[in-house]
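Input: a single structure, listed below in structure tokens.
Quick note: numbers below take in every heavy atom, side chains included, and nothing from hydrogens, waters or symmetry partners. We number each residue from 1, following the sequence as shown. In listed order, ligands and their atoms are each counted from 1. For clarity, every value in this text was computed on a predicted model and none was experimentally measured.
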Amino acid sequence: MEKTYHIITIGCQMNKSDSERIANYLESLGYSWTDERERADVVVTTTCGVRQSAEDRIYGLVPRIKRSNPKGRIILTGCLSRREDVRRRLEEYVDIWMPITELPDLAAKLGKKGTGSLSGYLKINPKYGSNFSAFVPIGNGCDNFCTYCVVPYARGRETYRPAEDVIREAEGLIKKGYKEIILIAQNVNSYKDEKGMDFPDLLRAVNDIEGDFWLRFATSHPKDMSNKLIGTIAGCAKLCQHVHLPAQAGDDEVLRRMNRKYTKDHYLKLIEKIRAEFDPKLKNRKSFVEPISITTDIIVGFPGETKEQFQETARLFRAARFDMAYIAQYSPRPGTASAKMEDDVCRKEKKRREEELMKILRKTALVNNKIYQGKIVEVLFDKKNQKGIFGKTRANKTVRCDRDAKAKIGEIARVKILKIQDFGLEGKIIDGKK
Ligand code: SAH
Ligand code: SF4
């Protein structure tokens, strides 16, 4: 009988992309997908260890899987797979511990003949989770060692794919009709391949592939956001006008202790520069072009962050006028430098700080969205539920239309915006397929 597999993915885009590679690899070994994880021969869990809450989910999930499927082989990969304490804790439930870079060796561990000699797991082709939007990893790992972050330990040092491989993968997707290509890495803007291509060069090369598609990238580090990159973002027509630029904090002393290697001033100047490069190009256009949207990640309650220091983050929030932010309450991660610092901001205060930032964010996002009222924008639809059909604009704004609207998942349509909110727009489709 045919062997089956099931994959559970927790965490970031990189984890989703890794799971796509694992899926294709298992299929090349003769396994086929099943929705029933209780019966699968192999169950893979791609884990996230960036925050305590994501880690805690695994401690409940993995034993549950093993109990409901004692015969299945449980594989644990992702951020937690290298952690000795996690290995001890879940030892009796996990059959194979597999840091993602060891994917090429999985065949042997499953007793199959496989492609063990491949140089680097990113050479393995993925089985894309979507047929219109694809993550294309350009590298793996991180060398930055922000003091709170587990990623450099979990994923190891930065390695980058040759530009040719990235371009070939993107070309293949575009030929198949994919509408959106998202280049991903922990820190895309420190990309450099063996032939000296940097990230702006790579962006331009992908932008220049023939075809009608949207191009995106994530995540960028403010310390590596060069003028060349900012110029490239503004100059590439297929590149969407959205930059995700994690600030993490607004106080220079906290940023220093986080090992972020920039100041609040530097960060705010970058945003000004990005807007100044992009937005004048919108003037004198006949039809509406969305302004560039800027989103961020923030940690509140980093060890030693005083109320005054937090106010610097609140100031940064007001000045930056973000469109969206992922605000995390600090949690110490084993093995990181900040885990040795005292986690001295209590939970209640972390929550209060998070809420204060959310309030500012809701206001700036709403003000930014006002320009959309009555305008026509292109939307790539990606989800449908009871509440309607949803999609994203080029500036990554979520748009909702009526469920019975003439739109299809995976297609781009023109939408007239009738209602604006802080984190979403609503509108009416004015024509069908683009
Ligand atoms: N490479 C990206 C971030 C990757 S981790 C960057 O340079 O910013 C994703 C997000 O998780 C981070 O941006 C941070 O906001 C959050 N995060 C990481 N470690 C954390 C911790 N110990 N506590 C709370 N949030 C954390
Ligand atoms: Fe973590 Fe910093 Fe690397 Fe981002 S840049 S993955 S926050 S160490």
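- Counting only residues at least two apart or in different chains, salt bridge (Lys or Arg N to Asp or Glu O under 4.0 Å) contacts with residues 237-254 comprise Glu253-Arg256, Glu253-Arg257.
- For Gln248, every heavy-atom contact with ligand 1 shorter than 4.0 Å involves the side chain, none the backbone.
- At least one heavy atom of Arg260 sits closer than 4.0 Å to an atom of ligand 1.
- Contact atoms of ligand 1 toward Gln186: 1 (N), 2 (C) (distance under 4.0 Å to a heavy atom of the residue).
- Using a 4.0 Å heavy-atom cutoff, Asn187 is absent from the residues neighbouring ligand 1.
- Taking the six-membered ring for Trp and the full ring otherwise, the centers of Phe317 and Phe322 sit less than 6.0 Å from each other.
- A salt bridge does not link Lys392 to Glu180: none of the charged side-chain nitrogens sits closer than 4.0 Å to a carboxylate oxygen.
- Atoms of ligand 1 found under 4.0 Å from any heavy atom of Pro246, numbered from 1 in the order shown, are 6 (C), 8 (O).
- Among protein atoms, those of element N, O or S found less than 2.8 Å away from atom 1 (Fe) of ligand 2 are Cys149 SG.
- Remark: of the listed residues Lys264, His266, Arg260, Arg260 is the sole one forming a side-chain hydrogen bond (donor to acceptor under 3.5 Å, both in side chains) with Tyr262.
- Annotation: side-chain hydrogen bond (donor to acceptor under 3.5 Å, both in side chains) contacts of Asn24 (sequence neighbours excluded): none.
- Partners of His6 under the ring-ring contact (aromatic ring centres under 6.0 Å, His included) rule, at least two apart in sequence or in another chain, are Trp33.
- When each of Asp201, Asp208, Val206 is paired with Arg204, the side chain to side chain contact (heavy atoms under 4.5 Å, CB included) condition holds for Asp208 and for no other.
- Under 4.0 Å is where a charged nitrogen must lie from a carboxylate oxygen, and between Asp265 and Lys269 at least one such pair does.
- The closest approach between any non-hydrogen atom of Gln52 and ligand 1 is not below 4.0 Å.
- Checked against the 6.0 Å centroid criterion, the rings of Tyr153 and Phe145 qualify as a close aromatic pair.
- Closest protein heavy atom to atom 4 (Fe) of ligand 2: Arg260 NH1, 4.4 Å.
- With a 4.0 Å cut-off on non-hydrogen atoms, Val50 touches ligand 1 through its backbone as well as its side chain.
- Near His221, with a cut-off below 4.0 Å to any heavy atom, the atoms of ligand 2 are 5 (S).
- The six-membered or imidazole ring of Tyr121 lies away from that of Tyr25, with a centre-to-centre distance of 6.0 Å or more.
- Ser331 O, 2.7 Å is the protein heavy atom nearest to atom 22 (N) of ligand 1.
- The pair Glu354-Lys350 does not count as a salt bridge, with every side-chain nitrogen at least 4.0 angstrom from each carboxylate oxygen.
- A salt bridge links Asp165 with Arg168; the closest basic N to acidic carboxylate O contact falls under 4.0 Å.
- At the top of the distance list for atom 24 (C) of ligand 1, counting protein heavy atoms only, stands Gln329 O, 3.4 Å.
- Looking only at heavy atoms of the protein, atom 10 (C) of ligand 1 is closest to Asp297 OD2, 3.6 Å.
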